[in-house]
Amino acid sequence: MFRRSRIAIAAALVAVACGGDAIDRTDTAADSVSAPPAATRIVSLSPSLTELLFALGAGDRMVGRTRWCTEPAEAAAVPSIGDGLEPNLETIVGRDPDLVVFYASPSNAAAVARLHDMGIRTVSITLDRLEDVASAARTLGRVVGGLPTADTLAGEYLAALTATSAGGGAGGPSVLMLAWDAPPIVIGAGSYLSEMVELAGGRNIFADLPGPSATVSIEAIAARDPDVVLFVGEAEPTIIERPEWRAVPAIRNRRFAHVRGTQFSWPSLRSPAGVSEIAEALARVAP
């Protein structure tokens with residue numbers, strides 16, 4: 001088994017919350033979050049949202065984050081409260097927040113309800129697709145009192161996505177994104193990673209699968225015969241050592257594209273730069 005890559009981590013998180021609508025009873029969408037009062041003690045339970053809070057200039061108001069919130073580097077100075085899904089409420093409440101920002105997932109419904117009962121404001125934000133970054137920035141802009149900055153960030157981000165788009169089309173290389181190998185778990189159309197590959201000029205061979213990830217057979221992968229296998233953070237995948245994987249020509253012939261960094265771990269303002277990196281990696285390997 002190869003070491004678990006960042007694609008695997010991201011796929012697991014997305015798969016847990018796939019299809020989850022915003023679950024907070026009052027503060028769930030950009031147009032329903034009132035501006036005052038601006039939050040002054042914020043706990044963020046999502047790496048994407050932590051990164052956006054810092055971009056909005058609210059990082060100095062953060063009093064808690066998850067252990068996965070590693071960007072920007074300044075986030076390391078914020079106390080960790082553990083995991084973001086089904087979080088430890090005692091630890092959160094101990095940080096005395098006036099706002100807790102959740103990734104919108106059914107797994108967090110009980111935590112949101114309990115915080116409401118305690119009089120602690122929450123905002124639950126869906127952030128599964130690349131376009132969600134812009135709306136998430138505007139929602140956070142309202143609750144931290146930085147809507148003008150948020151509007152600017154959102155506009156610049158969407159423009160950057162458009163500028164980096166190569167438009168895969170029929171001529172782009174076919175790409176396998178393998179999140180895990182035993183059993184084989186692949187990235188489907190429901191993941192932002194699939195969007196990034198398409199914008200980079202590639203074609204996800206499992207784009208017909210609507211979910212963010214799915215378990216498939218090695219035979220199914222071999223039948224689709226990808227031009228390139230894309231790995232995140234893998235120097236040399238050990239699946240090359242296993243004879244059953246040699247049925248896939250791209251693996252047998254080591255047609256691997258590698259990208260590294262948290263810009264591939266969750267949707268963020270850095271996603272356009274990540275698209276460019278994927279495009280460069282595919283260009284180096286694609287036949």
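The chain is numbered in sequence order, starting from 1. Both backbone and side-chain heavy atoms feed into the values below; hydrogens, waters and symmetry mates do not. What you are looking at is a predicted structure, and each value in this text was computed from that prediction instead of being measured.
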Would [X] and [Y] show up in the same hydrophobic cluster when neighbours are defined by side-chain heavy atoms closer than 4.5 Å?
X: L147; Y: L99; result: no
X: L161; Y: L282; result: yes
X: V285; Y: F264; result: yes
X: L56; Y: F54; result: yes

Quiz prompt | Residue among P173, P226, P249 satisfying side-chain contact (heavy atoms from CB on, under 4.5 Å) with R255 | solution = P249
Quiz item: When S48 is tested against each of L127, L269, V133 for side-chain contact (heavy atoms from CB on, under 4.5 Å), which residue passes?
Solution: L127
Quiz item: Going by atom types alone, do T126 and D132 pair a side-chain donor with an acceptor below 3.5 Å?
Solution: no
Self-check item: Any donor-acceptor N or O pair under 3.5 Å, side chains D83, T66
Solution: no
What distance separates [X] [atom1] from [Y] [atom2], expressed to the nearest 0.5 Å?
X: E71; Y: Q263; atom1: CD; atom2: CD; value: 8.0 Å
X: S107; Y: L85; atom1: OG; atom2: CG; value: 5.5 Å
X: L53; Y: I42; atom1: CG; atom2: CD1; value: 5.0 Å
X: F206; Y: L176; atom1: CZ; atom2: CG; value: 6.5 Å

Salt bridge present between [X] and [Y] (N-O < 4.0 angstrom):
X: R129; Y: E195; result: yes
X: D208; Y: R224; result: yes
X: R138; Y: D151; result: yes
X: E277; Y: R260; result: no

Self-check item: Heavy-atom side-chain proximity of W266 to E51 below 4.5 angstrom
Solution: yes
Self-check item: Side-chain touch P97/I120, heavy atoms, less than 4.5 angstrom
Solution: yes
Practice problem: Take T262 and R270 through the test side chain to side chain donor-acceptor pair (under 3.5 Å) and record every step on the way to the result. | Solution: CA-CA 9 Å; T262 56; R270 296 174 294 135; 3.0 Å; yes
Quiz item: How are the rings of F256 and F231 set to each other: parallel, tilted or perpendicular (split at 30° and 60°)?
Solution: perpendicular
Quiz prompt | Nearest atoms (heavy-atom pairs only) where L130 meets Y157 | solution = O-OH, 2.6 Å
Self-check item: Short side-chain to backbone donor-acceptor contact, S271 and P267, under 3.5 Å
Solution: no
Practice problem: Give a yes or no on this: more than 12 heavy atoms of other residues, nucleotides or ligands lie within 6.0 Å of atom CZ of R252. | Solution: yes
